[in-house]
Amino acid sequence: MLDINLIRENPDLVKDNIKKKFQDKKLPLVDEVIALDKKKRELQSEGDMRRAQRNSLAKDIGTLMREGKKDEAEKAKLLSKENNERIAQIEAESEEVEKQLKTRMMSIPNIIADDVPLGKDDSFNVEAKTFLGKHEKDFEVPYHLDILESLNGIDLDAARRTSGNGFYYLTGDVARLHSAILSYARDFMIDKGFTYCIPPYMIRSNVVSGVMSFEEMDGMMYKIEGEDLYLIGTSEHSMIGRFMGEVLPESSLPQTLTSYSPCFRKEKGAHGLEERGIYRIHQFEKQEMIVLCKPEESDYWYEKLWNYTVELFVSMQIPVRQLICCSGDLADLKYKSCDVEAWSPRQKKYFEVGSCSNLTDAQARRLGIRYKNTATGKNEFVHTLNNTVVAPPRMLIAFLENHLQADGSVFIPEVLRPYMGGKDKIVPKK
RNA sequence: GCAGAGAUGGCGGAGUGGUCGAACGCGCACGACUCGAAAUCGUGUUACGGGCAACUGUACGGGGGUUCGAAUCCCUCUCUCUGCGCCA
């Protein structure tokens, strides 16, 4: 959600931004918002005046009653009643105007950064940097599911029976590897000075609507029957919601947090679930990083965050690249975003393993997360950022493909061995 | 889950129908004193919105109601505390 003052004072900037995102259908919203905002202020003016009158009449009545002037008091009561009827009208009208204003405000996208490449869909995303090159294997790399099965590491049949498509059982060394990666990632971020946090895995609807758009909510979130609770799609939801309505002391910024949670997603819509494999599933686990900072620091943290993910993958010897998200592929709340993608030696291409975003004040405005700016003495909105540290089991695909050896075993990089009981490889079943 | 008590500014805490945006204390900011600091004294200090301004509105956990008028009365939801019950 944008600042109404920005739309009022600089509508052309907002419109240009909509065009840059190839959402021309939304262009009329800007003028509608300006008109509704004007109407809202008019209603407020009259309402304020009427309410001022109500207050002073009420005060008078109090005085008259005390002085025993009953007749005059009754007269004033009648006057007040009339006034109150008009107030009720105005309030009903205001409510309607505000509702319309809000739905429009909510669908006007956040202003994007100047350096976001323009393009209408993900085919215009831009590769910025690659790390560790591209592993070439001198043997054919099988589909990840076949690798998992050769290691006795997965049971999809049972998962379909218990839970349906989109779920999995990981077993044995593979399950241990999954946990090892998460534990290593957690410690990696703690070493970077982040605070580890385990958040609630369910959140209320008001938090949900604060952290995402309605469309996202509908396509992603599982609702708990009979309760106002949703399963989180990522720990970002409960981590950002944690600060809802707060005014943080300036000295507490930046908040640099790393959180673990399972993530639940319907994955309703365009892509659907893959029939085979664990690329897109209803339940996975993720280590996340979250930053709340002062506005002038969010660009700095954005660069820092995605580089942490790269550093983590490089330390596990998995080649990655940074893919910059173009204007049309950027979600409406985001100022800037990039994906960290891992190299697949089987497909000979990169695929997404993490996503880093700077939302500037868009989330903070919706959720009312502010800080006291000691220089100005004002409460101002913070900036929020989030980034994937690592999300197995998807990351496991990259891991298995890159570390598979010709003999069918899977190499464990040095950094993970302490979490794997010292093992340096996983060997296939006989 | 049941019963009782409660939710007020950055914090603690008064206030039970009108003079309350809210006593008092802490904290914070500024000033005085000091070589400097502590202590002390003084002044200021809720937030958000409308208006060029004068000024004005809203908010005492959330929502709804009663009333000319609600922090205060009623309903409801959420949360906290105490006791009982249940349980990793």
**Request:** Please state the C1' separation for the pair B:U46 and B:C60 - nearest whole angstrom.
**Result:** 11 Å

**Message:** Does B:U67 have its OP1 or OP2 closer than 4.0 Å to a side-chain nitrogen or oxygen of A:N84?
**Reply:** no

**Residue of the set A:R104, A:R8, A:K102 for which salt bridge (charged side-chain N to carboxylate O under 4.0 Å, His left out) holds with A:D37** = A:R8

**Request:** Identify, with sequence neighbours excluded, every residue that meets side chain to side chain contact (heavy atoms under 4.5 Å, CB included) alongside A:K99.
**Result:** A:E96

**Message:** Between C1' on B:G69 and CD on A:E74, what's the gap in Å once rounded to a whole number?
**Reply:** 13 Å

**Request:** Mind calculating the distance between CD (A:E246) and P (B:G61) to the nearest angstrom?
**Result:** 17 Å

**Prompt:** Looking at RNA chain B, which of residues 50-57 of chain A put a heavy atom within less than 4.0 Å of it?
**Reply:** A:R51, A:A52, A:R54, A:N55

**Message:** I'd like to check the side chain to side chain donor-acceptor pair (under 3.5 Å) partners of A:K40; sequence neighbours left out, ordered by chain and number.
**Reply:** none

**A:T384 (side chain) donor-acceptor with A:L292 (main chain) under 3.5 angstrom** = no

**Message:** What's the gap between B:A71 and B:G57 when it is taken at their P atoms, as a whole Å value?
**Reply:** 14 Å

**Item:** Residue whose nearest RNA chain B nucleotide is more 5′ - A:G47 or A:D60
**Value:** A:D60

**Message:** Need to verify one output field. Residue with the more 5' nearest nucleotide on RNA chain B, A:I61 or A:V247?
**Reply:** A:V247

**Request:** Send over the distance from A:N83 CG to B:G69 C1', rounded to a whole Å.
**Result:** 13 Å

**Request:** For a side-chain hydrogen bond (donor to acceptor under 3.5 Å, both in side chains) with A:N110, tell me which candidate from A:D332, A:T360, A:N17 qualifies.
**Result:** A:T360

**Message:** In whole Å, measure the gap between the C1' atoms of B:C26 and B:A59 for me.
**Reply:** 24 Å

**Complete:** With both pairing distances under 3.5 angstrom for Watson-Crick or G-U wobble, and | for a partner in another strand, the correct string for RNA chain B is ((((((((.[[[..)..(.....]]]((((((.......))))))(((((....))))).[[[[[..)....]]]]])))))))....

**Protein proximity profile, nucleotides 44-53 of chain B - base contact B, sugar-phosphate-only contact S, no contact -, cut-off 4.0 Å on heavy atoms** = ---SSBSS--

**Prompt:** Given the P atoms of B:A23 and B:C11, what is the spacing between them in whole Å?
**Reply:** 16 Å

**Message:** I'd like to check the salt bridge (Lys or Arg N to Asp or Glu O under 4.0 Å) partners of A:E82; sequence neighbours left out, ordered by chain and number.
**Reply:** none

**P-based separation of B:G1 from B:G50 [nearest Å]** = 42 Å

**Request:** Considering only atom P, compute the distance from B:A88 to B:A3 and round it to an integer number of Å.
**Result:** 25 Å

**Gap in Å between the two P atoms, one belonging to B:A7 and one to B:G13, rounded** = 10 Å

**Request:** Using side chain to side chain donor-acceptor pair (under 3.5 Å) as the criterion, list what pairs up with A:D218, not counting sequence neighbours.
**Result:** A:K268

**Message:** Say we look at B:C68 and B:C30: how far apart would their C1' atoms be, to the nearest angstrom?
**Reply:** 44 Å

**Prompt:** A:Y260: what forms a side chain to side chain donor-acceptor pair (under 3.5 Å) with it, not counting sequence neighbours?
**Reply:** A:E285

**Item:** Any pair counted as ring pair (Phe, Tyr, Trp, His ring centres under 6.0 Å), so long as it reaches residues 408-430 of chain A, sequence neighbours left out
**Value:** A:H403-A:F411

**Fill in**
By side chain to side chain contact (heavy atoms under 4.5 Å, CB included), A:P142 pairs with (sequence neighbours left out) A:D146, A:I147, A:L404

Would you mind writing out the side-chain donor-acceptor pairs for residues 169-177 of chain A within the sub-3.5 Å range, not counting sequence neighbours?
residue	atom	partner	partner atom	Å
A:T171	OG1	A:N152	O	2.8
A:D173	OD1	A:K423	NZ	3.1
A:D173	OD2	A:K423	NZ	2.9

**Asked** Nearest-Å distance, CD1 (A:I87) to C1' (B:U67)?
**Response** 14 Å

**Prompt:** Between the side chain of A:K21 and the main-chain N/O of A:L330, is any donor-acceptor distance below 3.5 Å?
**Reply:** yes

**Request:** Starting from P on B:G61, measure out to CE on A:M244 and report it in whole angstrom.
**Result:** 17 Å

**Message:** Rounded to whole Å, how long is the line connecting atom CZ of A:R204 with atom P of B:G63?
**Reply:** 15 Å

**Request:** With sequence neighbours left out, write down each residue that passes side chain to side chain donor-acceptor pair (under 3.5 Å) with A:R204, or none if nothing qualifies.
**Result:** none

**Length of the line joining A:M65:CE and B:G17:P, which is rounded to integer Å** = 15 Å

**Request:** Report the distance from atom NZ of A:K59 to atom C1' of B:A70, rounded to the nearest whole Å.
**Result:** 15 Å

